[in-house]
Amino acid sequence: MENIFNQKTDHSTFTWESLGDIKEGRGTLGLEMPVLVYRLMQFTIYDVMTKNYGRDQADKILYDAGHLAGSEYAKNALNLKQDLNNFVASLQDSLATLKVGILRVESIDAEAKNIILTVAEDLDCSGLPLTDEAVCIYDEGFIAGILEVYTGVPYSVKEIDCWASGDRICRFKCTAGA
């Protein structure tokens, strides 16, 4: 039997298939894991990136990773051929089913292509201690990726309210063409 750790494989390109067959691989433990484990992974990776590359570069990497994840998620898990209302409803259902958070649309300015979204019980920050800063950088990228794939237009997403900054909901301003 060949040692798989000595094989040279290119892990530099993420694809949806890279996620593997989770049902087969986790037949006993199942598809879910505690939020604690997710945060432990994300926050320690962010800490190491910040120490090695500085905060600005760590934020960019986290945003870009979220964007890639959101893009792949939209392409592989969402029906992109729906009108906006049905797309948003299916996205809300999908994120709630996966226990990512409870998504709501606060406002849409179709002419200016601006959207304000909120996420309650957010996977990344709900329950964190107050730090007086928005911390959902990965979520910003994730939302931007989904919106870009659905609309075909690049979006810039910025968190304007966060649990960690004292709010009890995360609010994101999404701007097209940015």
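Taking the six-membered ring wherever Trp is involved, the centroid distance between the rings of Tyr63 and Tyr138 does not fall below 6.0 Å.
There is no path of hydrophobic side-chain contacts, each under 4.5 Å, that joins Ile169 to Trp163. If you chain together hydrophobic residues whose side chains sit under 4.5 Å apart, Phe142 and Met49 fall into the same group. A single hydrophobic cluster is seen to contain both Val88 and Leu98, as judged by linkage of ILVMFWY side chains at heavy-atom distances under 4.5 Å, directly or through other members. Cluster annotation: Leu91 and Leu80 are assigned to the same hydrophobic cluster (Ile/Leu/Val/Met/Phe/Trp/Tyr, side-chain heavy-atom contacts under 4.5 Å, transitive). Taken together through direct or relayed side-chain contacts under 4.5 Å among Ile, Leu, Val, Met, Phe, Trp and Tyr, Leu36 and Leu29 form parts of separate hydrophobic clusters.
In summary, Arg171 and Glu106 engage in a salt bridge, as defined by a charged side-chain N under 4.0 Å from a carboxylate O.
Minimum interatomic distance between Ala74 and Ile146 (heavy atoms only, all atoms of both residues): CB-CA, 4.1 Å. Of all heavy-atom pairs between Leu128 and Phe43, the closest is CD2-CE1, 3.8 Å. Contact record, Val135 with Thr131: CG1-OG1, 4.2 Å, taken as the closest heavy-atom pair. Across every non-hydrogen atom of Asp83 and Asn86, the tightest pair is OD1-N, 2.8 Å. Closest approach of Ala176 and Val153 over heavy atoms only: CB-CG1, 3.9 Å. Of all heavy-atom pairs between Val119 and Gly101, the closest is CG1-CA, 3.8 Å.
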Exercise. Step by step, work out the side-chain contact (heavy atoms from CB on, under 4.5 Å) result for Val100 and Tyr38.
Key: CA-CA 11 Å; Val100 172; Tyr38 167 81; over 6 Å; no
Quiz item: Does the pair Ile102 and Gln92 meet the rule for a side-chain contact (heavy atoms from CB on, under 4.5 Å), with working shown?
Solution: CA-CA 7 Å; Ile102 301 167; Gln92 289 171 320; over 6 Å; no
Self-check item: Verdict with reasoning, Tyr46 to Ile137, per side-chain contact (heavy atoms from CB on, under 4.5 Å)
Solution: CA-CA 10 Å; Tyr46 182 73; Ile137 302 158; 4.1 Å; yes
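Side-chain contact between Leu103 and Thr118 is absent, with no heavy atoms from C-beta onward closer than 4.5 Å. Using a 4.5 Å heavy-atom threshold, the side chains of Pro34 and Val37 count as touching. Side-chain atoms of Glu159 and Asp139, non-hydrogen and from C-beta on, never get closer than 4.5 Å to each other. Phe172 is not listed as a side-chain neighbour of Ile116, based on a closest heavy-atom distance of 4.5 Å or more. At a threshold of 4.5 Å between non-hydrogen side-chain atoms, the residues Tyr155 and Thr175 do not count as touching. Annotation: side chain of Cys125 is in contact with side chain of Cys170 (closest heavy-atom distance under 4.5 Å). Side-chain contact check for Gln57 versus Asn52: every heavy-atom pair is 4.5 Å or farther apart.
When only modelled atom types and interatomic distance are considered, Thr97 and Ser94 share no side-chain donor-acceptor pair under 3.5 Å. Side chains of His67 and Glu148: a donor-acceptor N/O pair is present below 3.5 angstrom, by distance only.
Between Trp16 atom CH2 and Ser71 atom OG the span is 11.0 Å, to the nearest 0.5 Å. Atom-to-atom distance recorded for Asp109:CG and Cys174:SG is 12.5 Å, nearest 0.5 angstrom. Note that OG of Ser107 and CD1 of Ile115 are 8.5 Å apart. Values are rounded to the nearest 0.5 Å. The distance from atom NZ of Lys173 to atom CG of Leu117, rounded to the nearest 0.5 Å, is 12.5 Å.
Around atom CD of Glu121, no more than 12 heavy atoms belonging to other residues, nucleotides or ligands sit under 6.0 Å away. Counting non-hydrogen atoms of other residues, nucleotides and ligands closer than 6.0 Å to OH of Tyr53 gives a total of 12 or fewer.
Ring orientation note: the planes of Tyr150 and Phe87 are close to parallel, at an angle under 30° on the 30°/60° scale.
Residue pairs meeting the salt bridge (charged side-chain N to carboxylate O under 4.0 Å, His left out) criterion with at least one member in residues 48-72, sequence neighbours excluded: Asp47-Lys51, Arg55-Asp59, Arg55-Glu133, Lys60-Asp64, Glu72-Lys75.
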